[in-house]
Protein chains: 2
Amino acid sequence: MSDICLPLGLDKADICKLETIVTSTAVKHSGDIVLRQGDPFRKVYAVKSGMAKSYRLDQAGTEYIQSFHLPGELFGLDAIYAKRYGFTVEVLDTSVLCEMDFDELQTLCATLPSLQKQLFNLFSRDLYRSHVSPTDHFDQTAEQKLSGFIHNLLTRYKARGHRGLELHLPMSRRDIANHLGLAPETISRLLKRFQQKGVLAINNRLVEIVDPSKLEAMVHCHALESSGKMDPQVSSAKSAK
Amino acid sequence: MSDICLPLGLDKADICKLETIVTSTAVKHSGDIVLRQGDPFRKVYAVKSGMAKSYRLDQAGTEYIQSFHLPGELFGLDAIYAKRYGFTVEVLDTSVLCEMDFDELQTLCATLPSLQKQLFNLFSRDLYRSHVSPTDHFDQTAEQKLSGFIHNLLTRYKARGHRGLELHLPMSRRDIANHLGLAPETISRLLKRFQQKGVLAINNRLVEIVDPSKLEAMVHCHALESSGKMDPQVSSAKSAK
DNA sequence: CGATATATTGACTCAACTCAACCACAGTGG
DNA sequence: CCACTGTGGTTGAGTTGAGTCAATATATCG
């Protein structure tokens, strides 16, 4: 149950208390909107299964997909400060979400030091991730962005006990492109290239990681000389400006 | 004093308690290292004056400048989870920093609900910022990145009561470029262009915002037809992929 | 005041974008 | 059951913004 939401060291009694503030646990379907950018902040959410995306519209109406929320992850915490949600969250796949009232969570924290600690940890992890992963995006090539994205998803699934090397990507190519700041066409071309290089096997929205070490290498280095196939052009190293 | 560190609603008695955990308040100079990536996490820091930058070296030894810390801002919170600092923090200007022990801060939080609330707010604000500002970076043009960067700094200074339209940028062009994922040459060229357009007046590391509304426009729109000067080429709108 | 680091400018290149066509599948309705 | 239409995905051709490399100018500092 709540070990999915907040996995780390809480004893059973504490988990019970935590469960009392879970407002609802609902099944949602692809396209359902969980909350809207601008809505007053009240609840935080945990993904139990499936996936959701959060995106933001700027004043020009342009959509920016900020992140994808995987099972075991919390969202909504970034709205505490502004008291309104900064992002719209939309479910991508048939998913189970549980929601809890943040005021109650906060009050509960005051009585349960371990929960407070737990929340600080969670905040810190999210902060750390969002500080580090831009690094993955940064000035890097499109190849690195995409391989980094896939690697990132795999890592997050693994952290939740997911074994195996298949990934289901319920989002469209368009969504991936938007999220990474690339054109959808580029995503297509790259996935094809990754397949040719023997790194991935793509089947529509199902991705199998054929060679994890090659994937790893692509994330960090700037070029992967295709050992198995064509295209011996070495993309020039950019790196540190 | 501590109203600089944690400005929002704490009463005087609470602030006194908070001050008891401030380990030290030291003057540092340009180039001084406050903490190193990989060091065990123990303290969090607040900038009282001056500026610091935090950067990260990846396994290839490439430097990524993650952020600049302005007066009134806290850093180190992202290390709670990993128990080690993920970034090296280096002072850019003659600066005053105060440091406090996080364990004590956490303990104090358990007794002071308002402080706990305060910290959640702070976390949330940082999270929100790091979620939104990538938006500013994203797929956008170099012009938008740089104008967004300057606008961002200005906003943060304003939030701390800074009036006036001058900015001192104690970091090198190289640092700015690295932070934004651009080449230093591009920063030079853009600053020059901004000056020609009558948006900024650049004097070495001192920047005066000549026309704030134009700056604002550049951040959001993709092109600013130079009303005052040459170069009537309209850079084609990219926006939503 | 020379020496070293930082900043600017110019010329050329390339990765990723745009635009546009095409393919494939999933509904829907006749 | 099949044509029709829409959406998502792929492929191709041509363009361009920002990068690289290299040279020059300007600061900063012992």
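Every chain is numbered from 1, with letters handed out A, B, ... down the list of sequences. Quick note: numbers below take in every heavy atom, side chains included, and nothing from hydrogens, waters or symmetry partners.
Using cut-offs of 30° and 60° on the angle between ring planes, the pair A:Phe41 and A:Tyr85 is perpendicular.
Checked against B:Glu73 for a salt bridge (charged side-chain N to carboxylate O under 4.0 Å, His left out), the options B:Arg129, B:Arg125, B:Arg160, B:Lys48 give a single hit: B:Arg129.
Picking from C:dT8, C:dT18, C:dT6 the nucleotide with the shortest atom distance to the side chain of B:Ser172 gives C:dT6. Here C:dG10 is the nucleotide among D:dA18, C:dC17, C:dG10 with the atom lying nearest to any side-chain atom of B:Glu185. Closest approach to the A:Arg189 side chain among D:dT20, D:dT10, D:dG12 is made by D:dG12 (side chain taken as heavy atoms from C-beta onward). Here the nucleotide nearest the side chain of B:Arg173, chosen from D:dG12, C:dT8, C:dG10, is C:dT8.
Proximity of A:Arg174 to the phosphate of D:dG9: no side-chain N or O atom is located under 4.0 Å from OP1 or OP2. For D:dG9, the OP1/OP2 oxygens have a side-chain nitrogen or oxygen of A:Arg205 closer than 4.0 Å. Contact annotation: B:Asn204 reaches the phosphate of D:dT28 (side-chain N/O to OP1 or OP2, under 4.0 Å). At the phosphate of C:dC17, OP1 or OP2 sits under 4.0 Å from a side-chain N or O atom of A:Thr186.
Remark: B:Lys43 fails to qualify as a cation-pi partner of B:Tyr45 under the 6.0 Å distance and 45° angle criteria applied to the six-membered ring.
Per the geometry, NZ belonging to B:Lys192 stands 12 Å off P belonging to D:dT26, to the nearest Å. Separating the CD atom of B:Gln196 from the P atom of C:dT8 is a distance of 13 Å, rounded to the nearest angstrom. In this structure, CG of A:Leu190 is placed 12 Å from P of D:dT11, rounded to the nearest angstrom. For the pair A:Leu191 CG and D:dT11 C1', the computed distance is 14 Å after rounding to whole Å. Rounding to whole angstrom units, CD of residue A:Gln140 and C1' of D:dG19 are separated by 15 Å. Look at CD1 on A:Ile187: it is 10 Å from P on D:dT10, rounded to the nearest Å. A:Leu182 places its CG atom 15 Å from the C1' atom of D:dG17, with the value rounded to the nearest Å. The CD1 atom of A:Ile176 sits 13 Å away from the P atom of D:dG8 (whole-angstrom rounding).
Annotation: of the two residues near DNA chain C, A:Ala142 and B:Ile202, the 5′-most nearest-nucleotide partner is B:Ile202.
A distance-only check finds a donor-acceptor pair linking the side chain of A:Thr88 to the backbone of A:Gln37 [under 3.5 Å].
A:Ser213 and A:Asp211 are linked by a side-chain donor-acceptor pair at a separation below 3.5 angstrom, with hydrogens and angles left out of the test.
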